[in-house]
Structures are given as structure tokens and as C-alpha cells.
**Student:** 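Input: one structure, supplied below.
When a ligand or atom number is given, it counts from 1 through the structure's own listing order. Here the structure is a predicted model, which means the values were calculated and not measured.
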Amino acid sequence: MAQPLTHNQRLLHWVNEMAQLCQPTQIHWCDGSEAENSHLCNLMVQNGTFTRLNPDKRPGCFLARSHPSDVARVEDRTFICSARREDAGPNNNWADPAEMKNTLRRLFQGSMAGRTMYVIPFSMGPLESPIRKVGIELTDSPYVVANMRIMTRMGREVLQALGDGDFIPCLHSVGAPLKPGQTDVPWPCEPDPAKKYIVHFPEDPSIWSYGSGYGGNALLGKKCLALRIASVAARREGWLAEHMLILCLTSPQGKKYYIAAAFPSACGKTNLAMMRPTLPGWKVTCLGDDIAWIRLGQDGRLYAMNPETGFFGVAPGTSQNSNPNAIATINRNTIFTNVALTPDGDVWWEDMGVPAPASAIDWQGQEWKPGCGRKAAHPNSRFTAPAAQCPVIDPDWQRPEGVPLSAILFGGRRPSTIPLVNEALSWEHGVFLGSACGSETTAAALGKAGVLRRDPFAMLPFCGYNMADYFAHWLSFAQKTDPAKLPKIYFVNWFRKSDTDRWLWPGYGENGRVLKWICERVEGTAKAVSTPIGNLPTPDALDLSGLNLPAEDVQELLSVDKSGWLAEVNNIEEYYKNYGDRIPEPLLRQLAQLRQRLQ
Ligand code: GTP
Ligand code: SPV
Ligand code: MN
């Protein structure tokens, strides 16, 4: 659609101004229609960005291969440009906003030459939700348009709902202008890492992203708007923008428990969110797999809402065994990025649970054979699929006001020390546990995988302001409402390993056993032992029927490793020092009390 679909003067003016800057050949206002989508997909098939998958196997599905330099979020090129450096805090890269805008204007100057500028109106949250946010992403990437159409509410009705209202400007360019006559490449981007910029101006608010076409770097509604920018607004307005899945667990008696869980990137949110519990009679339905916006309801309880409409999920490891509901979700209308292509026009990845094809085209477009020593799919390869296609999508997943939470879980990849599940003693203790989250790093961000880093609330890469102030904001909810109405807080660890590097806990559908204990704790019926670190299940309180777990493994999963925990306390203390005297006093008190209980 060449014509603007709006009379919003501020929007028209901004689009005009950015077009002057970026110099695209044409401007396309996205209406979000089926026709527009298939036109763009055809265009991408023609220029090699997309490979259409075999329609008998995966109708409406496409494969994209990125440039090998553009495969994950770039945390060291991500900036929070608040007016004052201390408001970004030690958890973020900071630059002076005026200087950064000068740098960016130079980069964006002519950056869309030879390309179309797409105007993507999108809403994070249902249009009727009181806390939805409208963004407008300008991008020169049709791949971004196709993904945003799955991940957000996008197009004509968003502009209608916006009217003359306020929106968040999000400017994106892959940073690869075309000279006249120059032929395009399948995945244009800026290959030099030092020239990529993912920049947030929380006070504007606005987002400028340059040089990458991948995931959270380019789909600006997701991490940039719904987490970094939204977290700043949430603090100001008294709510929470979190890196959390939302699920509903229904007991055999038919009682529903809504649970939100924060795990760092590639640590199991998608898997838990649509898990099929192995325990008979228990059922999980999914409301979201990555982001939750949480606010206080009239009744004093916390309500969680998923602002997205799709899943941008990790492909490797997704199998009929580990996540049958994801497998069913991605059988149609799905974009696959950086997985392998089989000879019959289907996709394949490591640990997909089906035999490797005799040969394939790997994620870099090269011939691949089993045993050749290379991975067929990139470890951070992903699927983009509509949430509505999930067989266990919860009927209330689009409720504008969200769902009332019974429990909040924190977790991460911790091969040692951290038990399978631990119940916080209070809201304050729970916030302490959240602040102390840590995990082995994964392929979701560029950099070395498998090293332990503190990742408070799984928000280290996503909190748009000083993390110490974020801790204080979390603590403040005990004053904003009756603490008895707040969800109970738990720390879980599916990733405990033995000395011989074996998983101690089977995970996936078996995690329902832990969720069952949590619901029974919420009801006040399950047994627990009080320990220095929190309340742990007694071995008989955790339903392990039919599991055949060795008793020594259960013992190890549910015990307190005192020396490990004392080291943990020292490590948390060191970590807190990054925030100087901005660390809220209650957290220092929790740390001191924990140390005392352990000694
Ligand atoms: P992001 O989309 O990056 O935010 O990741 P996520 O938190 O949604 O992670 P996801 O569910 O995609 O899981 C990532 C990896 O963890 C996959 O390779 C899974 O196979 C593995 N995983 C998930 N749940 C479990 C579990 O319970 N046990 C074990 N051992 N591995 C798991
Ligand atoms: C994550 O890294 O936490 C993701 C993938 O969910 S991305 O959208 O690339 O951030
Ligand atoms: Mn994520």
C-alpha cells in the first residue's frame, strides 16, 4: 500500500523526516493483510531471502538463512541512552543521547538507498488493553515485516486504534544500501560488529537499530520495546515488564493456577510454557513464552498479560518428546531461520527427535552430512510461529486485563549448588532470590556460552534502567498491596548435573511434578522442610510416582550444599558491589541473614 493509512500528523511528519534521512526508493505502509504478506513472501523467495518449504509437509512455511555474522542478539552493541549515565546503571552500555543521535544520523544517512522503507504499525498487547503500547517500526527488511506480522498485532487496525495518539518510533535498517544496479544478497546486514547499534532512548522514548536483521536486534517490538523501553515506563507507572512465560496449570480437580516464570534466554521458557505434564490429570495451557506485562488489579492481586502474538523459539532440542505442542505449532505458517533444509524441502535440526537426513543444506547454505563435524542448524536457530496455532493456547491468552498470578518462578542453568525447587520465605526474600539469578550463558547472545553470569530476574540484557532501582521497584509491591495477595515466589533449577555431567532431573514434561508441589504449597497442603536457603519439598511431598529416579539423585536435587551456598553468598555480595550504594537495603539484609543461617 503506497498511501498512508493515517492522518496522525506526528506520525506522517516522522515518516517523512526518516525517509529524507534514509533515502529509500519507496515507502510501503503495511496493512497486515494476507495479500500483503504473500506478496512479500514471494518477493523474498525471488531474491533468495526465503526458501519456500514443501507445502505438503509444511504449508505456508519458509526458511531463511542469515549472514553468518548475524545470528544472535549483540549485547555489547546494545545501548541505553538515558540523559544521565547512572540511570542506565552498570548493567547497560550507555552513551550520551545527543552524541549517539549524531552517530546514528550519520549511519542512517542514505542507509535505505535502493530499498523499500516499510512502515509497520504494531501493538504490544491487545488493542483494548489499558497498558498496550503502539509502536511504529520503519524498516528496510521485508523479513522483519513478515516476522513482526506473526509476533505482534500489526497493520491497519493498529493505526485505526492509534488515531491521533502517541506511538513509540522504532527505526530499523539492515545497514546495506544498494548502489544503482547493484544486486542484492539474500541476507543484507552490516557485517562489521563494531558498526551495529541497538539503541534505546528511554526518555523520548524511541528505538534506533542499525546493522542487524536478526531476532531481538531487529524485531523491535520484542526486547527493545516490550522489555527495555516498557520496563522504564512500568517503573514510572507502577507495573512490571518482565522476561517471563505465562502458563495456566489445571489440577485434576479442575482448579486453575496461573504461573509466570523468568528464565534467562535459552533456559526453558518456551518448553515450560507449553509443557505436557506427565502426571495424570494435570494440564498446562499456554498464555505466553517470553514476555509478561504484570500489573496490580483492583483486587490487589498481580495480573500478567502477554504483549506478543507469536513465539520466536529456539529450534534445536525441540522434538516430539521434549515439546510436542511446539512441534504441532510449527507445522504451518512458520518462518524458520538458520535451521537445515532436507532434500524433500523440510527442515531439520539437532535433537529434533527424527533421524538426520542422509544429506542436507546446513544453516550456512553448504552441503551437510551426518558426522561431518559441523552442526546442521545454528544453536540459536529459531522458528517464528503464531501463538494461536499452539494446540494448548489458553482461552484467556488475549484477555486485555491479563490473568491473576498464583506463583512466580525464577531459574537458570545451574549445574551445581542450586536445588530443584526452593520456596521463598517472603516477598522480600523472593525478590532477593530473583536478584541473585545466575545462569550459564547460551547461544542466544553472541559471546562465549557456558560461563556462569549473574542475570537478575533474567533481565540483565533487557532492563532499560539501573538494575538497583529495578530491585527497589520489585520490593515496592509489598507496600503497594496486601503482601498476602502477592504470588508466592520459587526458584527452580532443571539443569542440575552429576559429577559425570549427567542431568540429575529429567526435565520437560516431568517439570509438572514441581509445578504440582508449588500449587499444593499455594493451597497450603504440601509438606516442606525449612532450610537456611528457603523451604524445600520433603522427598515424599514431591510426586515422583513412576519416575524411577535413583534415591541419591533425589537427595542431591533436594539438599542444601552449605559450602556451595556460602560461595554463592560471597559471589552475590561481589555482584551487588557493581551497584554501589544504590542497592536497596532490604536486599543487603536478606544477604546477611542468609549468610547467618548458613553458618
Ligand atoms: P529464549 O527464547 O531465548 O528466551 O529461550 P527460552 O527460555 O524460551 O528457552 P527454550 O524453552 O527454548 O529452551 C532452550 C533450550 O533449553 C532447549 O535446547 C531445550 O531443549 C532446553 N531445555 C528446556 N527445558 C529443559 C528442561 O527441563 N531440562 C533440560 N535439561 N533442558 C531443557
Ligand atoms: C532471547 O534471547 O531471550 C530471545 C530471542 O527471546 S531474541 O528475540 O533474539 O532476543
Ligand atoms: Mn527471551
**Student:** Among the N/O/S atoms of D290, which is closest to the Mn ion (ligand 3)? Give the atom name.
**Tutor:**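 Checking each N, O and S atom of D290, the shortest distance to the Mn ion (ligand 3) belongs to OD1.
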**Student:** Which atoms of ligand 2 sit under 4.0 Å from any heavy atom of G215?
**Tutor:**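 Reading through ligand 2 atom by atom, the close ones are 9 (O).
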**Student:** Confirm or rule out an N/O/S atom of K223, from backbone or side chain, lying less than 2.8 Å from the Mn ion (ligand 3).
**Tutor:**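 True for K223.
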**Student:** Should R382 be listed as contacting ligand 2, given a heavy-atom distance under 4.0 Å as the test?
**Tutor:**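 Flag set, R382 near ligand 2.
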**Student:** Taking the side chain as C-beta and beyond, is there a heavy-atom pair between I246 and D394 under 4.5 Å?
**Tutor:**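 In short, these two side chains do not touch, never coming nearer than 4.5 Å.
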**Student:** Check whether any side-chain N or O of T49 sits under 3.5 Å from a backbone N or O of P186 as a donor-acceptor pair, and report yes or no.
**Tutor:**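 Yes; judged by distance alone, with no hydrogens or angles, the pair exists.
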**Student:** Counting only N and O atoms by type, is there a donor-acceptor contact under 3.5 Å from the side chain of D362 to the main-chain atoms of Q364?
**Tutor:**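 Yes, D362 side chain to Q364 backbone: donor-acceptor pair under 3.5 Å.
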**Student:** Just let me know how S322 lines up against ligand 1, side chain, backbone, both or neither, with a heavy-atom cut-off below 4.0 Å.
**Tutor:**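 Neither part.
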**Student:** Check whether any side-chain heavy atom of L542 lies under 4.5 Å from a side-chain heavy atom of L557, and answer yes or no.
**Tutor:**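 A side-chain contact under 4.5 Å is absent here.
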**Student:** Pull out every atom of ligand 2 sitting under 4.0 Å from any heavy atom of H243, numbered as shown with elements.
**Tutor:**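 In order of number, 3 (O).
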**Student:** Applying salt bridge (charged side-chain N to carboxylate O under 4.0 Å, His left out) to E556 and R502, what does each step give before you reach the verdict?
**Tutor:** CA-CA 13 Å; E556 195 163 344; R502 169 178 64 83; over 6 Å; no
**Student:** Taking 4.0 angstrom as the limit and counting only heavy atoms of V314, give me the atoms of ligand 1 inside it, by number and element.
**Tutor:**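 Ligand 1 atoms under the 4.0 Å threshold to V314: 12 (O).
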**Student:** Check for a donor-acceptor pair, side chain of S381 on one end and backbone N or O of P379 on the other, with a separation under 3.5 Å.
**Tutor:**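 Checking the backbone N and O of P379 against the side chain of S381, no donor-acceptor pair under 3.5 Å is found.
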**Student:** Heavy-atom distances under 4.0 Å decide this one: backbone, side chain, both or neither, for K222 against ligand 1?
**Tutor:**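 Neither; nothing of K222 gets under 4.0 Å from ligand 1.
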**Student:** How does N511 reach ligand 1, by side chain, by backbone, by both or by neither, if only non-hydrogen atoms under 4.0 Å count?
**Tutor:**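 The answer is the side chain of N511.
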**Student:** What are the atoms of ligand 2, with element, lying closer than 4.0 Å to any heavy atom of K222?
**Tutor:**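 Matching atoms, with element in brackets: 6 (O), 8 (O).
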**Student:** Under 4.0 Å from any heavy atom of P264, which atoms of ligand 1 are there?
**Tutor:**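 Counting from 1, the qualifying ligand atoms are 7 (O).
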**Student:** What atoms of ligand 2 come closer than 4.0 angstrom to any heavy atom of A444?
**Tutor:**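 The list of qualifying atoms is 2 (O).
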**Student:** Sub-3.5 Å donor-acceptor pair from the side chain of N422 to the main-chain atoms of I533, do we have one?
**Tutor:**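 Indeed, once roles are kept as given, a pair shorter than 3.5 Å links the two residues.
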**Student:** With side chains defined as the heavy atoms from C-beta onward, is the minimum distance between F457 and F462 less than 4.5 Å?
**Tutor:**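 F457 does not reach F462 side chain to side chain.
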**Student:** Go through ligand 2 atom by atom and flag the ones less than 4.0 Å from a non-hydrogen atom of G216.
**Tutor:**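 Ligand 2 atoms under the 4.0 Å threshold to G216: 7 (S), 8 (O), 9 (O), 10 (O).
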**Student:** Hey, is D290 touching ligand 1 through its side chain, its backbone, both or neither, going by heavy atoms under 4.0 Å?
**Tutor:**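 Just the side chain.
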**Student:** Classify the contact between F495 and ligand 1 as side chain, backbone, both or neither, using a heavy-atom distance cut-off of under 4.0 Å.
**Tutor:**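 Side chain only.
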**Student:** Indicate, as side chain, backbone, both or neither, the part of D290 found under 4.0 angstrom from ligand 2 when only non-hydrogen atoms are considered.
**Tutor:**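 Under 4.0 Å from ligand 2, D290 contributes side-chain atoms alone.
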**Student:** Write out the residue and atom name of the closest protein heavy atom to atom 4 (C) of ligand 2, then the distance separating them to 0.1 Å.
**Tutor:**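 Protein heavy atom with the smallest distance to atom 4 (C) of ligand 2: K223 NZ, 3.4 Å.
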**Student:** So for H243, does at least one of its heavy atoms come nearer than 4.0 angstrom to any atom of ligand 1?
**Tutor:**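 Under 4.0 Å: yes for H243.
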**Student:** Looking only at heavy atoms of A266, does any of them come nearer than 4.0 Å to an atom of ligand 1?
**Tutor:**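 In this structure, A266 qualifies as a contact of ligand 1 - some heavy atom is under 4.0 Å.
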**Student:** Would you find a donor on one side and an acceptor on the other, under 3.5 Å apart, between the side chain of R77 and the backbone of K195?
**Tutor:**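 It does not hold such a pair.
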**Student:** Check if R413 has a non-hydrogen atom at a distance under 4.0 Å from any atom of ligand 1.
**Tutor:**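 Checking ligand 1 against R413, which is what was asked, there is a heavy-atom contact under 4.0 Å.
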**Student:** Return yes or no for this condition: an N or O of G268 is under 3.5 Å from an N or O of ligand 1.
**Tutor:**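 By distance alone, the answer is yes.
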**Student:** Could you tell me, atom by atom, which parts of ligand 1 come under 4.0 Å of a heavy atom of W503?
**Tutor:**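 Listed by number with element: 30 (N).
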**Student:** I want to check something: taking the side chain as every heavy atom from C-beta on, are V74 and P193 in contact at a cut-off of under 4.5 Å?
**Tutor:**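 No, every pair of side-chain atoms sits at 4.5 Å or beyond.
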**Student:** Heavy-atom contact under 4.0 Å between F462 and ligand 2?
**Tutor:**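 Yes, F462 has heavy atoms under 4.0 Å from ligand 2.
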**Student:** Please report whether the ring centroid of F495 lies less than 6.0 Å from that of W503.
**Tutor:**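 Ring-ring flag for W503/F495: true, centres closer than 6.0 Å.
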**Student:** So for A273, does at least one of its heavy atoms come nearer than 4.0 angstrom to any atom of ligand 1?
**Tutor:**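 Heavy atoms of A273 never come under 4.0 Å of ligand 1.
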**Student:** Just wondering, do N91 and M459 contact through their side chains at under 4.5 Å, heavy atoms?
**Tutor:**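 No, their side chains stay 4.5 Å or more apart.
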**Student:** Tell me which part of S265 gets within contact of ligand 1: side chain, backbone, both or neither, using heavy atoms under 4.0 Å.
**Tutor:**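 Contact part for S265 vs ligand 1: both backbone and side chain.
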**Student:** Between the side chains of E568 and R414, is the shortest nitrogen-to-carboxylate-oxygen separation below 4.0 Å, so that they form an ion pair?
**Tutor:**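 Result for this pair is yes, salt bridge flagged.
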**Student:** Indicate, as side chain, backbone, both or neither, the part of R382 found under 4.0 angstrom from ligand 1 when only non-hydrogen atoms are considered.
**Tutor:**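 The side chain, only.
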**Student:** Can T500 and S498 be counted as having a side-chain donor-acceptor contact under 3.5 angstrom?
**Tutor:**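 Judged by distance alone, the side chains do pair up.
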**Student:** Numbering the atoms of ligand 2 from 1, which are under 4.0 Å from a heavy atom of S265?
**Tutor:**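 Answer, ordered by atom number: 1 (C), 2 (O), 3 (O).
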